[in-house]
Amino acid sequence: MSLNKYLISVLLIASAFLASCGSDDDSGPAKVMPDFNNPEVILSEAKKVLGDNVGFAFKGFFLPDSGVQIAAGVEIENKQEWGIKFYLLKLNKYKLEKVYESEVLQGSFREAMIKKFKFPDFSNELIYYNSQDYFLGSGGGEVFSYVINFEENEIYYSHLFSDTKLGISLFVSENVGDNLRNFFISNFRRDFPDLKIALKDVDLQ
């Protein structure tokens, strides 16, 4: 009897040990990978990480690896801050995690043009943002435009501003190379043929 009791005790200890080993992330129901080829799912998954104010979410190849990468933007509007932020999310096992977060930039995702695109100077995909007519009125206004390069953590910036004294001018940030600079200028010249290139940025606020 004592031997049987000993064997039973050993079996109980072994069972408890095996149960504890199986109680990690692999236990429970099998996890289902979201369909990251579905734009609605991409937006929904981005909101789980960034909140409901996500203005866009695109899957793309923003970094030189094959993992799931989601570029997203959030509109910020509170007593302390106003503007937009850009994020890059990467899939870690079954969970999206933030790997990049921009500072708060001037702009809004309302009525804006946002798209991912390839540019000859870069191997990775980029995000292009243009606020379009949202900050323009009959008496003037401004247009904010950004190209987001997540691989180099760089934001390339151009700012069109217009009023009765300044006319229509375009400022392009100093970190922009020649080809991308021409890209910004040609985009704006299609709508504003008479624009001048400004050496300094102007704050119309």
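Of the residues listed (Tyr128, Phe109, Tyr87), the one engaging Phe56 in a ring-ring contact (aromatic ring centres under 6.0 Å, His included) is Phe109, and it is the only one.
Nearest heavy-atom pair, His159 versus Val202, reported as atom, atom and distance to 0.1 Å: CE1-O, 3.0 Å. Counting all heavy atoms, side chain and backbone alike, Ile127 lies closest to Ile114 at CG2-CG2, 4.1 Å. The heavy-atom pair separating Glu75 from Ser108 by the smallest distance is OE2-OG, 2.7 Å. Closest non-hydrogen pair, Ala112 versus Ser131, comes out as CB-CA, 4.2 Å. Of all the heavy atoms in Ala72 and Val54, the pair that sits closest is CB-CG1, 4.4 Å.
In this structure, Glu125 contributes its side chain and Gly60 its backbone to no donor-acceptor pair below 3.5 Å. Side chain of Ser145 to main chain of Tyr129: a donor-acceptor pair is present (N/O by atom type, distance under 3.5 Å, no hydrogens or angles). Under the 3.5 Å distance criterion, the side-chain polar atoms of Tyr146 are matched with a main-chain donor or acceptor of Gln106. Although no hydrogens or angles enter the test, the distance criterion places no donor-acceptor pair under 3.5 Å between the side chain of Glu81 and the main chain of Val104.
Crowding of Phe36 atom CZ: a count of heavy atoms from other residues, nucleotides or ligands under 6.0 Å exceeding 12. With a 6.0 Å radius and a threshold of 12 heavy atoms from other residues, nucleotides or ligands, Lys118 has its NZ atom above the threshold. Around CG of Asp203, the count of heavy atoms belonging to other residues, nucleotides or ligands within 6.0 Å exceeds 12. Within 6.0 Å of CG on Asp133 lie no more than 12 heavy atoms contributed by other residues, nucleotides or ligands.
Hydrophobic clustering (ILVMFWY, side-chain heavy atoms < 4.5 Å, transitive): Met33 and Ile42 are in one cluster. Note on Phe171 and Leu105: same hydrophobic cluster, where clusters join Ile, Leu, Val, Met, Phe, Trp and Tyr whose side-chain heavy atoms are under 4.5 Å apart, directly or indirectly. The cluster map of Ile, Leu, Val, Met, Phe, Trp and Tyr, joined by side-chain heavy atoms under 4.5 Å apart, puts Leu89 and Val74 in the same cluster. There is a path of hydrophobic side-chain contacts, each under 4.5 Å, that joins Phe144 to Ile84. Linking ILVMFWY side-chain heavy atoms closer than 4.5 Å, directly or via other members, places Ile185 and Leu199 in two distinct hydrophobic clusters.
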Could you go through the side chain to side chain contact (heavy atoms under 4.5 Å, CB included) check for Leu96 and Lys48 one step at a time?
-> CA-CA 9 Å; Leu96 285 175; Lys48 291 178 182 178; over 6 Å; no
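Side-chain contact between Ile197 and Phe188: absent, with no pair of heavy atoms (C-beta onward) separated by less than 4.5 Å. Contact of the Leu88 side chain with the Leu63 side chain is registered, since non-hydrogen atoms from C-beta on lie closer than 4.5 Å. Annotation: side chain of Phe150 is not in contact with side chain of Val99 (no heavy-atom distance under 4.5 Å). The shortest side-chain heavy-atom distance between Asn175 and Glu154 falls under the 4.5 Å cut-off. Inter-residue side-chain proximity for Asp65 and Lys90 is flagged as met; some heavy-atom pair is nearer than 4.5 Å. The closest side-chain heavy-atom distance from Leu50 to Lys98 is below 4.5 Å. Side-chain contact between Asn179 and Phe183 is absent, with no heavy-atom pair separated by less than 4.5 Å.
In this structure, CG on Asp201 lies 10.5 Å from OG on Ser169, to the nearest 0.5 angstrom. The line from CD of Glu111 to CD of Gln132 is 8.5 Å long, rounded to the nearest 0.5 Å. A distance of 8.5 Å separates OH in Tyr157 from OG in Ser173, rounded to the nearest 0.5 Å. Interatomic distance, CD1 of Ile155 versus CD of Glu103, reported as 6.0 Å (0.5 Å rounding). The structure places NZ of Lys59 at 15.5 Å from CG of Leu43, a figure rounded to the nearest 0.5 Å. Separating the CZ atom in Arg189 from the CG atom in Leu195 is a distance of 5.0 Å, to the nearest 0.5 Å.
In this pair, Phe135 and Trp82 present their aromatic rings perpendicular. The plane angle is above 60°, beyond the 30 to 60° band. Taking the six-membered ring where tryptophan is involved, the planes of Tyr156 and Phe122 are tilted, since the angle between them lies from 30° to 60°. Taking the six-membered ring where tryptophan is involved, the planes of Phe117 and Phe119 are perpendicular, since the angle between them exceeds 60° and thus also 30°.
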